[in-house]
> 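Attaching a single structure in structure tokens format; questions to follow.
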Amino acid sequence: AFIFILANFVTIFINPSLAPQTSEFEIFVQNKGSEITIIALLVLMASAVILILKNNWNKIAITYKKTLFASFALLLLSFMPFIVIYRPFSYLDSRHYYLPTIGASIFLATFLYIITNLKNKFYNFSAIAIIVFYLILHGTVLFSDLSLIADRAFERQFFLKQLNQIIPN
């Protein structure tokens with residue numbers, strides 16, 4: 001949901017000829033607009049991580065440096081076999097993301113630990129703000145998904161009860 005909100009603004013900026021609230025606009029937002037937004041956010045976050053690590057590299061203990069390198073290598077190398085697979089207009093199955101998620105989780109946890117131990121108030125505040133923002137965003141998405149699943153389950157139960165009344169065992 002957050003990506004699509006940003007993708008709306010990106011689409012208006014990139015392709016102003018598309019009128020909002022039209023099917024062409026929505027298709028662009030959901031495909032190219034969201035891809036551009038995700039890539040831009042990825043570049044922005046990677047730049048911030050690189051800048052923070054570069055400026056504080058001498059203050060980081062060697063064990064944390066090794067952990068950062070190993071987790072980043074796990075993240076990149078676990079995607080290597082899927083680079084050669086040509087599947088136009090399709091995504092990888094979710095099972096292919098399990099191993100890279102481990103590397104990304106270790107990298108993120110180590111990075112946030114390093115940030116909070118740098119004794120820089122801005123970094124500490126930023127780390128806490130990112131964590132709180134993520135938890136709130138994840139909680140709202142999870143709650144909306146669970147309520148949708150609960151609504152579908154109620155409809156299915158109602159259907160099965162009606163079917164059982166019409167056709168008893």
Side-chain angles (χ1 to χ4, degrees), residues 1-15 25-149:
F2 174 71
I3 297 296
F4 290 126
I5 293 170
L6 287 176
N8 279 323
F9 293 114
V10 168
T11 301
I12 292 169
F13 180 73
I14 290 176
N15 200 348
F25 181 83
E26 295 298 324
I27 289 171
F28 189 88
V29 165
Q30 293 177 7
N31 293 312
K32 296 294 180 188
S34 60
E35 289 174 3
I36 292 168
T37 304
I38 290 170
I39 291 171
L41 287 174
L42 181 65
V43 168
L44 182 69
M45 287 188 291
S47 300
V49 168
I50 290 169
L51 187 66
I52 290 170
L53 290 176
K54 181 181 170 240
N55 290 339
N56 299 294
W57 192 250
N58 295 332
K59 299 176 188 175
I60 301 171
I62 191 73
T63 55
Y64 298 126
K65 291 177 185 178
K66 288 180 181 178
T67 305
L68 287 172
F69 278 125
S71 60
F72 192 68
L74 177 65
L75 174 66
L76 289 181
L77 293 176
S78 58
F79 275 121
M80 286 294 189
F82 307 110
I83 291 175
V84 296
I85 298 174
Y86 179 70
R87 297 174 77 182
F89 308 112
S90 66
Y91 296 99
L92 290 175
D93 293 330
S94 63
R95 68 177 179 266
H96 298 302
Y97 295 118
Y98 296 155
L99 190 59
T101 302
I102 294 170
S105 300
I106 294 170
F107 184 87
L108 182 63
T110 305
F111 179 71
L112 288 175
Y113 181 78
I114 289 169
I115 285 178
T116 55
N117 287 332
L118 286 177
K119 307 292 188 249
N120 186 325
K121 290 182 180 180
F122 176 74
Y123 290 158
N124 289 340
F125 177 76
S126 299
I128 291 171
I130 289 169
I131 291 170
V132 168
F133 175 73
Y134 173 76
L135 290 175
I136 290 171
L137 183 67
H138 185 68
T140 55
V141 169
L142 184 64
F143 183 73
S144 67
D145 287 348
L146 287 176
S147 65
L148 182 66
I149 290 170

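What's counted below: heavy atoms across the whole structure, side chains too, no hydrogens, waters or symmetry copies. These numbers come from a predicted model, not from an experiment.
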> Looking at CD1 of Ile62 and OG1 of Thr67, how far apart are the two atoms once the value is rounded to the nearest 0.5 Å?
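Here the rounded value is 10.0 Å.
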> For Ser78 and Pro100, work out which heavy atoms get closest and say how close.
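The answer is OG-CG, 3.2 Å.
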> Using the side chain to side chain donor-acceptor pair (under 3.5 Å) criterion, which residues pair with Asn55? Sequence neighbours excluded.
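Partners of Asn55 by the side chain to side chain donor-acceptor pair (under 3.5 Å) criterion come out as none, since no residue qualifies.
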> So, using side-chain contact (heavy atoms from CB on, under 4.5 Å) as the criterion, who are the partners of Thr101 when residues are at least two apart?
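Residues passing side-chain contact (heavy atoms from CB on, under 4.5 Å) with Thr101: Tyr97, Ser105.
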> Checking Lys59 side chain against Ile114 main chain: does a donor-acceptor pair fall under 3.5 Å?
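Side chain of Lys59 to backbone of Ile114: no pair is present.
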> For Asn56 versus Tyr123, what's the shortest heavy-atom pair and its separation?
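Heavy atoms only, the tightest pair is ND2-CE1, 3.3 Å.
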> Supply the atom-to-atom distance Ile60 CD1 to Leu53 CG, rounded to the nearest 0.5 angstrom.
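CG of Leu53 is found 5.0 Å from CD1 of Ile60.
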> Is the ring pair Tyr64/Tyr113 parallel, tilted or perpendicular, if the boundaries are 30 and 60 degrees?
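Tyr64 vs Tyr113 ring planes: tilted.
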> Do you know which two heavy atoms are closest between Phe111 and Leu68, and how far apart they sit?
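That closest heavy-atom pairing would be N-CD2, 4.1 Å.
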> With sequence neighbours left out, write down each residue that passes side-chain contact (heavy atoms from CB on, under 4.5 Å) with Phe125, or none if nothing qualifies.
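Phe125: no side-chain contact (heavy atoms from CB on, under 4.5 Å) contacts found.
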> Please report, to 0.1 Å, the donor-acceptor pairs under 3.5 Å made by any side chain of residues 135-143, with sequence neighbours excluded.
{"from": "Thr140", "atom 1": "OG1", "to": "Ile136", "atom 2": "O", "distance (Å)": "3.2"}
{"from": "Thr140", "atom 1": "OG1", "to": "Leu137", "atom 2": "O", "distance (Å)": "2.8"}

> Around atom NZ of Lys66, are there more than 12 heavy atoms of other residues, nucleotides or ligands at under 6.0 Å?
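For Lys66, atom NZ is not crowded (no more than 12 foreign heavy atoms under 6.0 Å).
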> With rounding to the nearest 0.5 Å, note down the distance linking CG in Leu112 to CD1 in Ile130.
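These two atoms lie 7.0 Å from each other.
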> Not counting sequence neighbours, which residues clear side-chain contact (heavy atoms from CB on, under 4.5 Å) with Ile128? List them please.
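side-chain contact (heavy atoms from CB on, under 4.5 Å) check on Ile128 returns Val132.
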> Do Ser47 and Val43 come close enough that some side-chain heavy atom pair is under 4.5 Å?
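Ser47 reaches Val43 side chain to side chain.
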> Suppose we screen for ring-ring contact (aromatic ring centres under 6.0 Å, His included). Which residues come up paired with Phe107, at least two apart in sequence or across chains?
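Phe72.
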> What distance do Leu108 atom CG and Thr110 atom OG1 have between them, rounded to the nearest 0.5 Å?
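Answer rounded to 0.5 Å: 8.5 Å.
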> Nearest 0.5 Å please: distance from the CG atom of Asn120 over to the CD1 atom of Ile115.
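Rounded to the nearest 0.5 Å, the CG-CD1 separation comes to 9.5 Å.
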